[in-house]
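Presented below is the structure to which this report refers.
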Amino acid sequence: MKIQNYINGQFQNPISNEWLENYCPSNGEVYGQLPNSSKADVETAYKAAKDAFPIWSQTTLDERSRILIKISELIEVNLQRLAEAESKDNGKPIRLAKSVDIPRAASNFRFFGNAITQFASESHESVGQNAINYTLRQPIGVVGCISPWNLPLYLFTWKIAPAIAAGNCVVAKPSEITPMTAYLLGDICNEAGLPKGVLNIVHGLGTKTGQAIIEHPDIKAISFTGGTATGEHIAKVAAPMFKKLSLELGGKNPNIIFADCDYDDMLNTTVRSSFANQGQICLCGSRIFVEASIYEKFKTDFVEKIKQLQVGHPSDDTTDIGALVSKSHLEKVMHYINIAKEENGIILCGGNKITVKDFENGYYLEPTVIEVSTDDCRINQEEVFGPVVTIMPFNSEDDVLHMANKVKYGLSATLWTNDLKRTMRMSNQLQAGIIWVNTWMLRDLRTPFGGVKASGVGREGGFEALRFFTEAKNVCIKY
Ligand code: NDP
């Protein structure tokens, strides 16, 4: 199977005719090829986007909304096919792709198709000066969207939908590790009547294709989700060119459990917040802090539940944990487990690769729980981004707050308590862009989404995304 670039509404081979191999994580085999696109391909995509911009930016909001909602409907019609493709490409359980990834991709288009019809700008009457100001929110032009491999279509569309809703034209690159569903989106956009050139998808390596996007002088905004080191690099390249930047980066999120919580609800949700998508979600709570009075009970119950999780082939409906995304990622996660052992972490369960019958070369790993005695260790400070969590007890609110905030990241935090005053005190002081109390990953697409510190700059979601993808221009009229 050969994936092609989607440029100007058409599928095209890379100009150089160079290709990369696409691996299937569940069996470790190459099952297709994708373009190893160069600067020349990005330039072709840019030109198509630039040519489409004058008409698309003047297309009525009703019409843009209609097309976005049509794309959303077609994603739903193709749910099964897209979920199968996502599961095969990424290694995630088909159940998850069907219930979370693909429905959310459809929601992204529907949400921004509706949101753009409600997006308004401000006016300010300058009282006593006989003047009125109004603010235009104009599309930027051609923008770049770069997304990672963990939630491929989900995060790809989370950027593209607001970008085109706001009237921009897009040059987008999905991760080279999971290009398949972005490729399939091209046909859906054509069928929905998205004018050619409004969305252009260029496949290839981050360091080559992605690099060509971020250093393109006329791509004036970059929306990026990925690792913190890549985000830092992008900021260095883009800042001197004064590009607008939205960076959604890594996390090392605390999951803080107080004794007064609803225990069963907490336990079940903590299994999910630790290991959903093989722990490869930037929002997973990878540092679990438990109040000392319930620590031993939690430890026993949690480990028992984790041992029951089924690691298996992603297409099997009984699978809870599928394959990790790539061989190199599996090795990275194993490396961190070894670091934890060297740091005297106690492996309470997991820690080993697993062989799944008939799929012996797949990238499977046991869900791993590590007991640590200090929050200073590397396994508690660095992002692993796999099925690995640490647990440790705490004695007081002050102690746990201190430990929760003592990492370079600040994406999300989860808090389990029924004490309202404590909830409000801690929510105010936790250094994170998103706080979940007595829940995890409950998403309302209108809310601001993003991190502080090394977890990123800017916010996605709702009108925040539409503000990012537009330039504010104030007009002052004296009368
Ligand atoms: P990477 O940073 O490696 O890659 C992300 C994307 O950037 C990929 O498409 C990649 O291409 C591309 N890229 C890499 N180098 C460059 C470059 N020089 N210029 C332009 N683009 C480039 O992240 P991963 O794909 O490994 O994703 C995992 C990371 O994403 C984790 O750290 C995770 O926390 C973070 N993440 C953050 C989220 C958030 O909302 N804050 C949500 C989900 C994930 P390619 O892969 O083809 O090399």
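Counting begins at 1 with the first residue of the sequence. One-based numbering, in listed order, for ligands and for the atoms of each.
- For the pair Ser72 (side chain) and Ser107 (backbone), a donor-acceptor distance under 3.5 Å is absent.
- In terms of protein heavy-atom proximity, atom 26 (O) of ligand 1 is nearest to Trp149 NE1, 2.8 Å.
- Judged purely by distance below 3.5 Å, without hydrogens or angles, the side chains of Asp89 and Tyr31 pair a donor atom with an acceptor atom.
- Not a single donor-acceptor pair under 3.5 Å links the side chain of Ser26 to the backbone N or O of Cys24.
- A donor-acceptor distance shorter than 3.5 angstrom exists from the side chain of Lys220 to the backbone of Pro217, with no hydrogens or angles considered.
- Scanning the protein for heavy atoms near atom 9 (O) of ligand 1, the closest one is Ser147 O, 2.8 Å.
- When all heavy atoms of Gly226 and Pro148 are compared, the closest pair comes out as CA-CB, 4.3 Å.
- Annotation: ring pair (Phe, Tyr, Trp, His ring centres under 6.0 Å) contacts of Tyr6 (sequence neighbours excluded): Phe11.
- By the 3.5 Å distance cut-off applied to N or O atoms, Gly206 is counted among the residues near ligand 1.
- Protein heavy atom nearest atom 34 (O) of ligand 1, with residue, atom name and distance: Glu383 OE2, 2.5 Å.
- Ligand 1 places these atoms under 4.0 Å from at least one heavy atom of Leu411: 41 (N).
- Between Gln310 and Asp320, the side chains place no donor N or O within less than 3.5 Å of an acceptor N or O (distance only, hydrogens not considered).
- Which parts of ligand 1 touch Leu155 is read off a 4.0 Å heavy-atom cut-off, strictly below it: atoms 42 (C), 43 (C).
- Nearest protein heavy-atom contact of atom 2 (O) of ligand 1 is Thr230 OG1, 2.6 Å.
- Protein heavy atom at the shortest distance from atom 20 (C) of ligand 1 is Gly210 C, 3.2 Å.
- Side chains of Glu366 and Asn352: a donor on one and an acceptor on the other come within 3.5 Å.
- Nearest protein heavy-atom contact of atom 37 (C) of ligand 1 is Leu249 O, 3.0 Å.
- Remark: ligand 1 and Gln211 share an N or O pair separated by less than 3.5 Å (distance only, no angle test).
- Between Phe449 and ligand 1, no pair of N/O atoms sits closer than 3.5 Å.
- Atoms of ligand 1 lying under 4.0 Å from any heavy atom of Gly204, numbered from 1 in the order shown and given with element: 47 (O).
- Scanning the protein for heavy atoms near atom 12 (C) of ligand 1, the closest one is Ile146 CG2, 3.7 Å.
- Taking the six-membered ring where the residue is Trp, Trp158 and Phe449 present perpendicular rings, their angle passing 60° and hence far from 30°.
- For Gly231, the heavy-atom gap to ligand 1 stays at 4.0 angstrom or more.
- Contact annotation: for Ile281 versus ligand 1, there are no heavy atoms closer than 4.0 Å.
- The shortest N/O to N/O separation between Thr225 and ligand 1 does not fall below 3.5 Å.
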Residues 327-337, side-chain donor-acceptor partners within the protein, below 3.5 Å, at least two apart:
from   : atom 1 : to     : atom 2 : distance (Å)
Ser328 : OG     : Ser326 : OG     : 3.4
His329 : NE2    : Phe385 : O      : 2.8
Tyr336 : OH     : Glu382 : OE1    : 2.4

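- Considering backbone and side-chain atoms together, Ser455 places no N or O closer than 3.5 Å to any N or O of ligand 1.
- Checking Lys159 against Thr225 by side-chain atom types alone, a donor-acceptor pair falls below 3.5 Å.
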Please report the C-alpha distance between Asp101 and Lys92 in whole Å, then the side-chain angles of each, then the deciding distance to 0.1 Å, and finally whether the salt bridge (charged side-chain N to carboxylate O under 4.0 Å, His left out) criterion is met. CA-CA 10 Å; Asp101 291 76; Lys92 68 177 69 210; 2.7 Å; yes

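- The closest protein non-hydrogen atom to atom 28 (C) of ligand 1 is Phe385 CE2, 3.6 Å.
- Distances below 4.0 Å separate heavy atoms of Glu248 from the following atoms of ligand 1: 37 (C), 39 (C), 40 (O), 41 (N).
- With Gly227, Gly251, Cys282 as candidates, the residue nearest to atom 23 (O) of ligand 1 on a non-hydrogen basis is Gly227.
- Only the side chain of Asn150 comes within 4.0 Å of ligand 1, judged by heavy-atom distances.
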